[in-house]
Amino acid sequence: MTLCAAVPLWFKKAMPTRNVIRVSEFEKLYYDDAKLFKQKHWEALCRYQEQQSKKEDVIEYFRILNKGVQFTNYVGVIQAGNLTIEVLPKTDKGSTTAANESFEHLDKETAIEKQKWHDVLLQMLKECRLLQVNHVDYANLNLKSNSILEIYLELFLNHTEKLLHEGLIKKYKKSEGNRFALKGQLLFSKNLSLNLVHQERFYVRYSEYNKINIFNQLLYKTICLIPQLSTNPWLSDKVNRLLLDFPELPDCRVTAETFSRLVFDRKTERYKEALLISKMLLLNYRPDITGGAENVIAILFDMNELWEEFVYRRLKKEEKEYGITVQRQQSTSFWKTDLLYRSKTIRPDIVIKKENEVIVLDTKWKIIEDLIPADDDLKQMFTYNLFWHCKKSVLLYPAERSRSNEGSFYDFNIPGQFDTKCSVETISVLNESHKLDKDLGKKILTRVLGEAPPA
């Protein structure tokens, strides 16, 4: 099989060099045809948002402004045509308008700040298992200093290459049709109606054991998509080599249900890592229906959920040292009615237990300058204190520096109710070297428990 036979026509079409803009959460970016973010990119994002709005569970990755967009609390990467926009986390207010410049053309101080949070985001994704890569693989990534999207592409190609070397799975596929030889089961009624004149033919139903199955088709479809997403020479070369050895497979229609129906067993378990990235790419890709070249893909993560997962994993590592139990997403009944299936539950982010003491921890990825929480957040924490019978609850926010403010709820003379407190804690995500703090879990527990770990 030649390369020309394996690659769709659009693969051979050269695409322009891609540019990267790095912005922070909630920043506004306005288009300027003399700069990187142009009107055509803005229009592509408008079309993408319009398509998203048709979904039932619509997610607002960004808001459309007059001649611009404002990003929300989702971080990751958006690509429109030849432009890649990386949305990075932040822990200070800073500028509200992003520079419409490539990363290379930012002033030195801004470029260092953006690179710092780019690295922090990669580490958080990796630790939260949203960037499935071990220490050895991460050290060997050729693109680790480039865009987040290209890192995902390289990881996918690495996983797929490994699967190809190990051997792609084969499955039985049922087929039926006219054949010149009797094979499988002869379908008499159809054979009589179709082959009464052509008695040299047989209408049969049979099973073939081959590589045409949904697992391999999803891999093949993703490989063919990659040239639309990146013109990196190293990735292009890897795609070329993979397609030379990969069997040419029929196309398949992909929806979220396609991935939910996948059943992994002993033979297909090794496909999981590659198909996780394949799902991100295929389900978030929106081709330009106007026939232009401004296709859009968005791989974004809710920063609140990412922060909660990251804090939980860091605390979980310290269980033995502090003699505690850390659990998350524990739900309990909150309100009920006589109507079936109409009860309500509440579920705190993280519950810490030490002997007979219970502390509820609620993570919030937002800036809190005066250490005074919102009314709704306080009411939520008061409810947690009541239902979990704990004396203390904690609202945990990220910040440039660690601070604390503890308050008590007023006594309502509820029989058997004890004095309850709620503290507001800000914790620095970065260490003195401006990198993700490896001791973040220890620092949080020392503040929350009011004690250092046992010697």
Side-chain angles (χ1 to χ4, degrees), residues 22-27 71 73-76 86-96 108-128 130-131 301-319 321-322 324 326 328 348-350 352 359-374 377 381 392-407 421-453:
R22 287 179 177 173
V23 302
S24 298
E25 300 171 86
F26 300 104
E27 279 191 335
F71 302 95
N73 60 304
Y74 283 82
V75 296
E86 288 189 0
V87 187
L88 306 175
K90 62 184 293 188
T91 56
D92 59 50
K93 287 200 171 180
S95 172
T96 58
K108 187 176 180 182
E109 186 176 341
T110 305
I112 291 174
E113 183 72 12
K114 297 294 186 187
Q115 183 64 44
K116 174 179 72 177
W117 285 106
H118 169 90
D119 295 341
V120 167
L121 178 57
L122 285 180
Q123 288 293 333
M124 291 182 78
L125 291 173
K126 176 188 168 192
E127 187 152 340
C128 295
L130 294 169
L131 193 60
F301 306 93
D302 187 331
M303 196 58 214
N304 283 307
E305 294 179 5
L306 188 60
W307 173 236
E308 177 193 329
E309 179 71 16
F310 179 71
V311 169
Y312 168 73
R313 288 177 178 271
R314 284 297 171 98
L315 296 181
K316 198 72 178 169
K317 290 180 179 179
E318 308 297 336
E319 279 187 320
E321 189 170 357
Y322 281 82
I324 60 173
V326 180
R328 67 186 297 241
D349 292 344
I350 299 170
I352 302 171
I359 298 174
V360 171
L361 188 68
D362 208 58
T363 58
K364 307 283 184 186
W365 184 270
K366 59 183 178 182
I367 300 164
I368 181 166
E369 293 185 334
D370 53 8
L371 296 183
I372 303 297
D377 290 342
M381 301 312 289
K392 184 179 180 181
S393 54
V394 178
L395 284 163
L396 183 68
Y397 300 83
E400 290 189 308
R401 61 190 181 94
S402 300
R403 293 188 296 162
S404 179
N405 181 26
E406 186 172 78
K421 300 181 183 298
C422 178
S423 67
V424 178
E425 305 284 345
T426 64
I427 197 83
S428 177
V429 181
L430 308 178
N431 58 20
E432 294 177 356
S433 303
H434 302 289
K435 296 185 186 234
L436 196 61
D437 196 339
K438 293 181 179 179
D439 295 323
L440 191 68
K442 287 185 172 64
K443 290 182 178 179
I444 293 172
L445 287 172
T446 299
R447 300 270 297 282
V448 168
L449 299 174
E451 60 185 49

Look up atom NE2 in His434 and atom CD in Glu400, then write down how far apart they are to the nearest 0.5 Å.
-> 9.5 Å

Taking every heavy atom of Leu395 against every heavy atom of Pro373, the minimum-distance pair comes out as CD1-CB, 3.7 Å

Would you indicate whether the side-chain heavy atoms of Asp349 and Leu361 approach each other to under 4.5 Å?
-> no

For the residue pair Lys392 and Val448, what are the closest heavy atoms and their distance?
-> NZ-O, 3.0 Å

Heavy atoms only: give me the nearest Val75-Met303 pair and the separation to one decimal.
-> CG2-SD, 3.6 Å

Measure from the side-chain N and O atoms of Thr96 to the backbone N and O of Phe26, and report whether any donor-acceptor pair falls under 3.5 Å.
-> no

Contact summary for Ala399 and Thr426, nearest pair of heavy atoms | CB-CB, 3.6 Å

Here the gap from Asp92 atom CG to Ile367 atom CD1, rounded to the nearest 0.5 Å, amounts to 6.0 Å

Distance col, row Ser24:OG vs Glu113:CD, nearest 0.5 angstrom, shows 7.5 Å

What is the minimum heavy-atom distance between Asn304 and Trp365, and which atoms define it?
-> OD1-N, 3.0 Å

Do the non-hydrogen side-chain atoms of Asn431 and Lys438 ever get within less than 4.5 Å of each other?
-> no

Less than 4.0 Å between a side-chain N and a carboxylate O, is that true for Glu86 and Lys114?
-> no

CA sep, side-chain torsions, deciding dist, call: Leu430, Lys116, side chain to side chain contact (heavy atoms under 4.5 Å, CB included) | CA-CA 10 Å; Leu430 308 178; Lys116 174 179 72 177; 3.6 Å; yes

CG on Leu315 to CG on Leu396, rounded to 0.5 Å | 8.5 Å

Between the main-chain N or O of Ser402 and the side-chain N or O of Ser428, is there a donor-acceptor pair closer than 3.5 Å?
-> no

Arg314 bridged to Glu318 by N-O distance under 4.0 Å | no

Give a yes or no answer on whether the side chain of Arg403 reaches the backbone of Asp370 with a donor-acceptor pair at less than 3.5 Å.
-> no

Under 3.5 Å, is there a donor-acceptor pair linking the side chains of Asp119 and Gln123?
-> no

Examine the side chains of Tyr397 and Thr91 and answer whether a donor and an acceptor come within less than 3.5 Å of each other.
-> no

So does Glu127 pair up with Arg313, basic N to acidic O under 4.0 Å?
-> no

Is there side-chain contact between Phe310 and Leu436, with heavy atoms separated by less than 4.5 Å?
-> yes

Report, as yes or no, whether the 6.0 Å neighbourhood of atom CD on Glu369 holds more than 12 heavy atoms from other residues, nucleotides or ligands.
-> no

Do the non-hydrogen side-chain atoms of Leu88 and Phe71 ever get within less than 4.5 Å of each other?
-> no

Supply the atom-to-atom distance Ile427 CD1 to Lys443 NZ, rounded to the nearest 0.5 angstrom.
-> 7.0 Å

Taking 4.0 angstrom as the limit, do Glu25 and Lys90 come out as a salt bridge?
-> no

Step by step, would you call Val394 with Ile352 a side chain to side chain contact (heavy atoms under 4.5 Å, CB included)?
-> CA-CA 11 Å; Val394 178; Ile352 302 171; over 6 Å; no

Correct closest heavy-atom pair for Asn405 and Leu371 would be ND2-O, 3.1 Å

Backbone of Val326 reached by a side-chain donor or acceptor of Glu319 within 3.5 Å | yes

Could you please spell out the steps behind the side chain to side chain contact (heavy atoms under 4.5 Å, CB included) verdict for Leu125 and Leu306?
-> CA-CA 8 Å; Leu125 291 173; Leu306 188 60; 4.1 Å; yes

Looking at side-chain heavy atoms only, is the closest gap between Val429 and Trp307 below 4.5 Å?
-> yes

With the side chain counted from C-beta on, respond yes when Asp377 and Lys366 share a heavy-atom pair under 4.5 Å apart, and no when they do not.
-> yes

Calculate, to the nearest 0.5 Å, the distance between atoms CG and CG belonging to Leu440 and Leu445 respectively.
-> 9.5 Å

Under the side chain to side chain contact (heavy atoms under 4.5 Å, CB included) rule, what do Glu309 and Arg328 come out as? Steps first, then yes or no, please.
-> CA-CA 9 Å; Glu309 179 71 16; Arg328 67 186 297 241; 2.8 Å; yes

